[in-house]
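Before any comments, here is the structure.
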Amino acid sequence: MQTFLKIVEYKQISQAADSLYITQAAVSNRLRRLESQLGVTLINRLKGQPTVTLTRYGEKLVPIAEQWMQLVHQTTNLKESANFHNIKVASAPSISESILSIICPLLMKEDPTLRYSLINGNADYIYSCVESGTADIGFTFYKMYRHQINTRKISEEHLMLVTNNLSEYPDMVTVDMLSRHDEIYMPWNDEFDAWHTMCWDSELQPLVVLDAGTLILPYLSFKQAWSLIPESLAHQLLLRDSNLRSLRLVEQPPALPVVAVKRKVPGTEQKELERLEFKIRSELYKIHQQ
């Protein structure tokens with residue numbers, strides 16, 4: 001099956017042989033054995049033609065062969081994967097960068113059998129991943145309602161005002177002192193957007209619009225640039241770059257709820273998901289106390 005799929009990929013016996021590090025004769029022998037077992041002809045053999053084409057049977061075999069190879073791979077890895085707790089997490093990029101990047105390594109050191117798959121995306125993507133089973137759990141600043149999904153606020157993130165050290169702002173500012181044209185804007189959630197619209201004219205163009213706080217650092221090099229970002233991310237950026245400073249904003253923006261997203265039917269790794277939620281609450285509590 002693997003050899004057949006290589007022939008399909010390269011459309012040449014010679015290139016298929018090179019990719020498998022075997023001879024062209026070995027490829028031809030494997031193909032003949034497969035055709036003999038199935039009782040059909042899979043490719044059209046035309047003299048003088050460097051490329052091959054598939055017969056109707058060959059075309060129908062392609063998706064079956066792909067599924068077959070996937071099953072072989074899963075079966076081969078069954079023994080090894082059974083020894084680990086494999087947790088798939090979907091989250092907002094800022095949560096992944098500032099919180100999960102700290103917590104996941106700590107949990108893995110406590111339990112060497114833990115393995116994480118981390119994917120980033122917007123709220124719709126996170127909910128869809130959990131709903132489809134692509135992710136075991138999701139973390140976002142949005143609370144949505146899906147039929148097969150449970151949501152729970154496990155903590156919250158305060159927003160901090162961050163700017164460049166060269167900016168001329170005093171340590172305490174009001175929204176009137178901050179120009180929308182100098183803002184690095186991120187639409188954190190609907191509640192934040194509503195508050196933001198009351199403070200600044202949404203028709204004015206900001207310096208830049210981003211969809212992830214992790215992209216903010218290069219734009220803070222502009223002298224008067226400023227941005228409202230989650231406290232955990234702000235602490236990391238301030239530690240990473242001595243050219244930044246935080247300001248106190250008189251009109252406090254609403255806190256962002258950190259929402260855990262899970263399927264209503266619990267999975268096999270429920271205990272590990274609860275540990276992850278608890279660690280996130282603990283880490284954010286420590287950050288709030290700083």
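The closest side-chain heavy-atom distance from Asn189 to Pro257 is below 4.5 Å. In this structure, the side chains of Ile126 and Asp124 stay at 4.5 Å or more apart for every pair of heavy atoms. Counting only heavy atoms from C-beta outward, the side chains of Gln70 and Glu66 never approach each other to under 4.5 Å. Side-chain contact between Glu283 and Ser232 is absent, with no heavy atoms from C-beta onward closer than 4.5 Å. Residues Leu42 and Leu34 meet the side-chain proximity criterion, which asks for heavy atoms closer than 4.5 Å. The shortest side-chain heavy-atom distance between Arg180 and Tyr185 falls under the 4.5 Å cut-off. Between Trp188 and Ile229 there is a side-chain heavy-atom pair separated by less than 4.5 Å. For the pair Val89 and Ser117, the minimum side-chain heavy-atom distance is 4.5 Å or more.
The backbone N or O of Ala225 lies less than 3.5 Å from a partner atom in the side chain of Thr163, making a donor-acceptor pair. Judged by distance alone, the side chain of Asp111 and the main-chain N or O of Leu107 form no donor-acceptor pair under 3.5 Å. Remark: the backbone N or O of His181 is paired with a side-chain donor or acceptor of Ser179 at under 3.5 angstrom. Within the 3.5 Å criterion, the main-chain N or O of Gln224 finds a donor-acceptor partner in the side chain of Tyr169. At distances below 3.5 Å, at least one donor-acceptor pair connects side-chain atoms of Ser282 with backbone N or O atoms of Phe278. Judged purely by atom type and a 3.5 angstrom limit, Glu231 has no side-chain atom pairing as donor or acceptor with the backbone of Leu159.
Clustering of Ile, Leu, Val, Met, Phe, Trp and Tyr side chains at separations under 4.5 Å places Met172 together with Val250.
Checked for salt-bridge contact, Glu272 and Arg275 meet the test: a charged N lies under 4.0 Å from a carboxylate O. No salt bridge links Lys279 with Glu274; every basic N to acidic carboxylate O contact stays at or beyond 4.0 Å. A salt bridge does not link Arg32 with Glu35: every distance from a Lys NZ or Arg NE/NH1/NH2 to an Asp or Glu carboxylate oxygen is 4.0 Å or more.
The hydrophobic cluster containing Leu207 also contains Met160, counting ILVMFWY residues as joined when their side-chain heavy atoms lie under 4.5 angstrom apart, directly or transitively. Using a 4.5 Å cut-off between side-chain heavy atoms of Ile, Leu, Val, Met, Phe, Trp and Tyr, with links allowed through other members, Leu118 and Leu276 fall into the same hydrophobic cluster. Ile99 and Ile154 fall within a single hydrophobic cluster, where Ile, Leu, Val, Met, Phe, Trp and Tyr are joined by side-chain heavy atoms under 4.5 Å apart, directly or via other members. Side-chain heavy atoms closer than 4.5 Å link hydrophobic residues (I, L, V, M, F, W, Y) into clusters, and following such links, even through other members, never connects Val258 to Tyr125. By the criterion of side-chain heavy atoms lying less than 4.5 angstrom apart, applied directly or through intervening Ile, Leu, Val, Met, Phe, Trp or Tyr residues, Leu71 is not grouped with Met69; the two fall into different hydrophobic clusters.
Across all their heavy atoms, Ser98 and Glu157 have their closest contact at OG-OE2, 4.5 Å. For the pair Met1 and Leu61, the tightest heavy-atom approach, listed with the atom from each and the gap, is CE-CD1, 4.0 Å. In terms of heavy-atom proximity, Gln12 sits nearest to Val52 at N-CG2, 4.4 Å. Between Glu59 and Leu54, the shortest heavy-atom contact is CG-CB, 3.8 Å. Of all the heavy atoms in Val208 and Leu210, the pair that sits closest is CG2-CD2, 3.9 Å. Looking at every heavy atom in both residues, Gly213 comes nearest to Ser94 through N-CB, 4.4 Å.
If you run side-chain contact (heavy atoms from CB on, under 4.5 Å) between Leu220 and each of Asn165, Leu244, Asn243, only Leu244 comes through.
In this structure Arg245 satisfies the salt bridge (charged side-chain N to carboxylate O under 4.0 Å, His left out) test together with Asp171, sequence neighbours excluded. Take His235 and apply the ring-ring contact (aromatic ring centres under 6.0 Å, His included) test, not counting sequence neighbours, and it matches no residue.
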**Asked** Yes or no on side chain to side chain contact (heavy atoms under 4.5 Å, CB included) for Arg115 and His85, after CA distance, side-chain angles and deciding distance?
**Response** CA-CA 6 Å; Arg115 294 293 183 270; His85 299 290; over 6 Å; no
**Prompt:** Are Leu237 and Leu217 close enough, and set up right, to give a side chain to side chain contact (heavy atoms under 4.5 Å, CB included), and what steps lead you there?
**Reply:** CA-CA 8 Å; Leu237 293 180; Leu217 205 52; 4.0 Å; yes
**Asked** Should Trp195 and Trp200 be marked as a ring pair (Phe, Tyr, Trp, His ring centres under 6.0 Å) after you check the CA-CA gap, both sets of side-chain angles, and the distance that decides it?
**Response** CA-CA 9 Å; Trp195 173 86; Trp200 293 278; 5.8 Å; yes
**Request:** Decide side chain to side chain contact (heavy atoms under 4.5 Å, CB included) for Leu256 and Glu191; before the verdict, give the C-alpha distance in whole Å, the side-chain angles of both, and the deciding distance to 0.1 Å.
**Result:** CA-CA 8 Å; Leu256 304 176; Glu191 189 179 0; over 6 Å; no
**Request:** Would you check, one step at a time, whether the test side chain to side chain contact (heavy atoms under 4.5 Å, CB included) holds for Thr53 with Ile43?
**Result:** CA-CA 6 Å; Thr53 58; Ile43 69 169; over 6 Å; no
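Summarising the geometry, atom OH belonging to Tyr116 is positioned 9.0 Å from atom CD1 belonging to Ile103; distances are rounded to the nearest 0.5 Å. In this structure, the separation between OG on Ser221 and CD1 on Ile216 is 11.0 Å, given to the nearest 0.5 Å. Rounding to the nearest 0.5 angstrom, the gap separating the CG atom in Leu106 from the CG atom in Leu114 is 11.5 Å. Note that CG of Asp136 and CG of Asn86 are 9.0 Å apart. Values are rounded to the nearest 0.5 Å. Note that CD1 of Ile184 and CG of Leu215 are 10.5 Å apart. Values are rounded to the nearest 0.5 Å. Interatomic distance, Leu161 CG to Trp226 CH2, rounded to the nearest 0.5 Å: 7.0 Å.
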Contacts under 3.5 angstrom, residues 139-152 side chains, donor-acceptor by atom type, not counting sequence neighbours:
{"residue": "Thr140", "atom": "OG1", "partner": "Tyr142", "partner atom": "N", "Å": "3.2"}
{"residue": "Arg146", "atom": "NH1", "partner": "Glu131", "partner atom": "OE1", "Å": "3.1"}
{"residue": "Arg152", "atom": "NH2", "partner": "Glu277", "partner atom": "OE1", "Å": "2.6"}

Name every donor-acceptor pair, under 3.5 Å, that has one atom in a side chain of residues 2-11 and the other anywhere in the protein, sequence neighbours excluded.
{"residue": "Thr3", "atom": "OG1", "partner": "Arg30", "partner atom": "NH1", "Å": "3.0"}

Show me the donor-acceptor pairs, under 3.5 Å and distance only, between side chains in residues 17-24 and residues at least two apart or in other chains.
{"residue": "Ser19", "atom": "OG", "partner": "Ala16", "partner atom": "O", "Å": "2.8"}
{"residue": "Thr23", "atom": "OG1", "partner": "Ala26", "partner atom": "N", "Å": "3.1"}

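Defined by atom type and a distance below 3.5 Å, a donor-acceptor pair is missing between the side-chain atoms of Asn44 and Thr55. A donor-acceptor contact closer than 3.5 angstrom links the side chains of His196 and Glu183. In this model, no donor atom of one side chain and acceptor atom of the other lie less than 3.5 Å apart for Asn164 and Tyr219. Side chains of Glu251 and Thr174: a donor-acceptor N/O pair is absent below 3.5 angstrom, by distance only.
For NZ of Lys109, the number of neighbouring non-hydrogen atoms (other residues, nucleotides, ligands) closer than 6.0 Å is 12 at most. The environment of CH2 in Trp68 is sparse: at most 12 heavy-atom neighbours from other residues, nucleotides or ligands sit within 6.0 Å.
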